Amino acid sequence: MDIRIVVDDASSRYSFNDGESILMAVQKLFPQQKRSIVAARIGGLLVDLTTIPTRADDIQLVSTASSDGLEILRHSTSHIMAEAIKELYPDAKLAIGPSIDTGFYYDIDMSKTLSPDDLAAIEQKMHEITERSEHFTRQDKPIAEAIEFFKERGDQYKVEILSEIPATTVSLYTQGSFTDLCRGPHIPSTSYLKHFKLLSIAGAYWRGDEKNKMLQRIYGTAFPSKEELVGFVTAREEAAKRDHRKLGQQLDLFSIQEQAGAGLVFWHPKGAIVRKEIEDFWRAEHIKRGYEFVYTPHIANLELWKTSGHWGFYQQYMYSPLQVDEDQYMLKPMNCPFHILIYKSQVRSYRDLPLRWAELGTVYRYEKSGVLHGLLRVRGFTQDDAHLFVRPDQLNDEVKGVLDFTRHMIETFGFTKYNIYLSTRPEHSVGTDEGWQMATEALRVALEEMHLVYTVDPGEGVFYGPKIDVKLVDAIGREWQGPTVQVDFNLPERFDVTYIGENGKEHRPIMLHRVVLGSMERFFGTLIEQYAGAFPLWLAPVQVEVVPITDVQEEYAKAITARLVECGIRAKVDIRREKMQAKIRDAEMQKVPYIAVIGAKEAAVDSVAVRMRHEGDQGVVAVDQFVERLLEEIKSKVIFA
RNA sequence: GCCGACGUAGCUCAGCUGGUAGAGCGGUUGAUUUGUAAUCAACUGGUCACCCGUUCAAUUCGGGUCGUCGGCUCCA
């Protein structure tokens, strides 16, 4: 049979003999790259290379250079790891072992608790298996037979999975003595696997449900080449250096103290400067966009939280009540009810809307101890919150306004790594289907009209309404929810929020909850990682470090520093009895954007020798010119100077 | 909260099988007056996270608590 074989952009024809598999053809056609071609695609379907073509459809070869190929390699690696584990620990029961973005994992239930040392032994066993060149063979079985097969082996998890598969037949893959339930395809032989590494052990609930048993999960990765594997490991080490927790300490930005409690943030002077810059900018942008500011208390009567529904729907995140005289008061987990109270303090006309009220509102939420994470998940944090009270006819424009605002913030702060999601109605929620549908549609339309790329995140909305989330990505690729817009038709209902319409009758406004940064803590955390601590000039805690070469220039250096400070520049002078090299080193390590070196030459002509962070010596510049340049850079919020 | 690992000077870390601790950096003092990433020296610094137990003796062994880290589950 004569079939066209496609590789990347090229194609050639090959005439298959009876019973000749794709693998045999590949070995003849591409002997030099036989281990990089791992599967094939026929009519859109991925198949094993051992497949014997039955029709004259085009065959597209899949190599490990493609994402499909890499996934197959990694998935096969997880099977090989499972085989190794079964050999070492025969009582191990396997659950699931998929490939993921960074590699693969396998969830295992076994009596022995694995330690990091055991990973080396498993890896060793895997190398043995790859040297044995075991073939992966596929077998299609009626589902009942497959269930019987796994039942006999005591593989209860496989049986459970099978019992929920609707198909009548399933495929099993065997290599060596190991057989697993799997859709495939797989690499033809274990010898294809050369470059892999087991990374870590973690706990994971069976089927991701915390009511189920916790299994042991082993994470690992595999790559087509040694260089790529080494590159992956180095990239992880590099990413760890950007970790905001590490930089927070090195740059003296913030701390979280055991003595005070987990998840409670202390902003040190340098971190506080960055926060103040962010806040100043934030306020100025709000004024430009027609917002007003409000301030509200940190605690309020429990009755208020019952009215708002938080007591019913959000109690697990709220701290225990405080007894105040005869009443119970709650620390606020959200700001919304307070803004509503301000709204309700007088009768509102349709002419007053939209009302946009913003507050840097500090809230406290009980987060489970295991989820706390530096600045990115804490128990007390300040939301850059705002609530918009809008008429139905204003909803679309207002959502778009918020999205535009968010985009402006993200761009100004130079974020390049983020994803947008549209989250729909969750299981636990209030309101009518029509309400949810209308609100979700409003968000979707706004996203489309703004030409924003987004993903629908089903069931991830808040109990009171759907939302659009912007998730910022941290140094090692984890997503953290930042900016969000949420439509709420529930609270206005519960608090009986109204405005008087043109017809003189009461109408219900729609409420929008939104943050354009997320929270000051989380935003700062991701910002630190974004810049690896090297903030752009406008945000840098110290903008200029003035370094006199000897103490002869000390007075001049102090005068220059005072002049810079006078111009609104955050300048510091280093008058320690250290060599200039040591001062420069320290300033570089503190990631100060500019170092102004002053020796006898500079002092004589009212100038400084400018050194830029990461760039080195920039030559001598007159002080006035230097100031002008700095002010311009600060004003324009240049991201990469 | 769950699974696992970890918790020694301000920081980074050493301390074999139990006999109350060390280094470098930092800080202080002194000397050095220096041209773009660490000048030299002396001094300083720790109820070994906390509590209970085993032991003649615990930083070291066991249990618990708190915290941190990697995941899971859950969220700004």
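What you see below is based on every heavy atom in this structure, not just the backbone, and it leaves out hydrogens, waters and symmetry mates. The structure presented is a predicted model; accordingly, all values stated were derived computationally and were not measured. Letters A, B, ... are given to chains in the order of the sequence lines, protein chains preceding strands, and every chain is numbered from 1.
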Atom [atom1], compared across [N] and [M]: separation rounded to whole Å:
{"N": "U29(B)", "M": "U60(B)", "atom1": "C1'", "answer": "37 Å"}
{"N": "C25(B)", "M": "A14(B)", "atom1": "C1'", "answer": "15 Å"}
{"N": "C3(B)", "M": "U8(B)", "atom1": "P", "answer": "24 Å"}
{"N": "U65(B)", "M": "G7(B)", "atom1": "C1'", "answer": "13 Å"}
{"N": "G71(B)", "M": "G15(B)", "atom1": "P", "answer": "27 Å"}
{"N": "G63(B)", "M": "U20(B)", "atom1": "C1'", "answer": "22 Å"}
{"N": "A49(B)", "M": "A42(B)", "atom1": "C1'", "answer": "33 Å"}
{"N": "G46(B)", "M": "A9(B)", "atom1": "P", "answer": "11 Å"}

How is [X] classified with respect to the nucleic acid when contacts are heavy atoms under 4.0 Å: base, sugar-phosphate, or nothing?
{"X": "Thr113(A)", "value": "sugar-phosphate"}
{"X": "Gly599(A)", "value": "base"}
{"X": "Val547(A)", "value": "nothing"}
{"X": "Phe524(A)", "value": "nothing"}
{"X": "Tyr219(A)", "value": "sugar-phosphate"}
{"X": "Lys467(A)", "value": "sugar-phosphate"}
{"X": "Ala587(A)", "value": "nothing"}
{"X": "Arg217(A)", "value": "sugar-phosphate"}
{"X": "Val371(A)", "value": "base"}
{"X": "Glu588(A)", "value": "base"}
{"X": "Glu258(A)", "value": "base"}
{"X": "Gln250(A)", "value": "nothing"}
{"X": "Lys601(A)", "value": "base"}
{"X": "Arg245(A)", "value": "sugar-phosphate"}

Check: [X] ring centroid to [Y] ring centroid under 6.0 Å:
{"X": "His513(A)", "Y": "Tyr464(A)", "value": "yes"}
{"X": "Phe405(A)", "Y": "Tyr291(A)", "value": "yes"}
{"X": "Phe523(A)", "Y": "Phe413(A)", "value": "yes"}
{"X": "Tyr418(A)", "Y": "Phe415(A)", "value": "no"}
{"X": "Tyr219(A)", "Y": "Tyr105(A)", "value": "yes"}
{"X": "Trp357(A)", "Y": "His339(A)", "value": "no"}

Inset, instruction - Walking along RNA chain B from 5' to 3', note the first and the last nucleotide with an atom under 4.0 Å from a heavy atom of chain A, and give both. - result: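 Listed 5' to 3', the contact boundaries are G1(B) to A76(B).
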
Does the structure show a Watson-Crick or G-U wobble partner for [N], both distances under 3.5 Å? Name it, or say none.
{"N": "A5(B)", "result": "U68(B)"}
{"N": "U39(B)", "result": "A31(B)"}
{"N": "C25(B)", "result": "G10(B)"}
{"N": "C48(B)", "result": "none"}

Inset, instruction - Specify the residue among Gly461(A) and Thr550(A) whose closest nucleotide of RNA chain B lies further upstream toward the 5′ end. - result: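 Per heavy-atom nearest nucleotide, the more 5' residue is Thr550(A).
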
Legend entry - Residue mapping more 5' on RNA chain B - nearest nucleotide basis, Leu372(A) or Gln486(A):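 Residue closer to the 5' terminus by nearest nucleotide: Leu372(A).
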
Legend entry - Residues Asp404(A), Arg407(A): salt bridge by 4.0 Å N-O rule: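 Salt bridge between Asp404(A) and Arg407(A), a charged N being under 4.0 Å from a carboxylate O: yes.
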
Legend entry - Check ion pair Arg207(A)-Glu164(A) (N to O, under 4.0 angstrom):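 Counted as a salt bridge, because a side-chain N and a carboxylate O are separated by less than 4.0 Å.
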
Inset, instruction - Indicate yes or no for a side-chain donor-acceptor contact from Asp209(A) to the backbone of Lys211(A) under 3.5 Å, with no hydrogens or angles considered. - result: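 Checking the backbone N and O of Lys211(A) against the side chain of Asp209(A), a donor-acceptor pair under 3.5 Å is found.
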
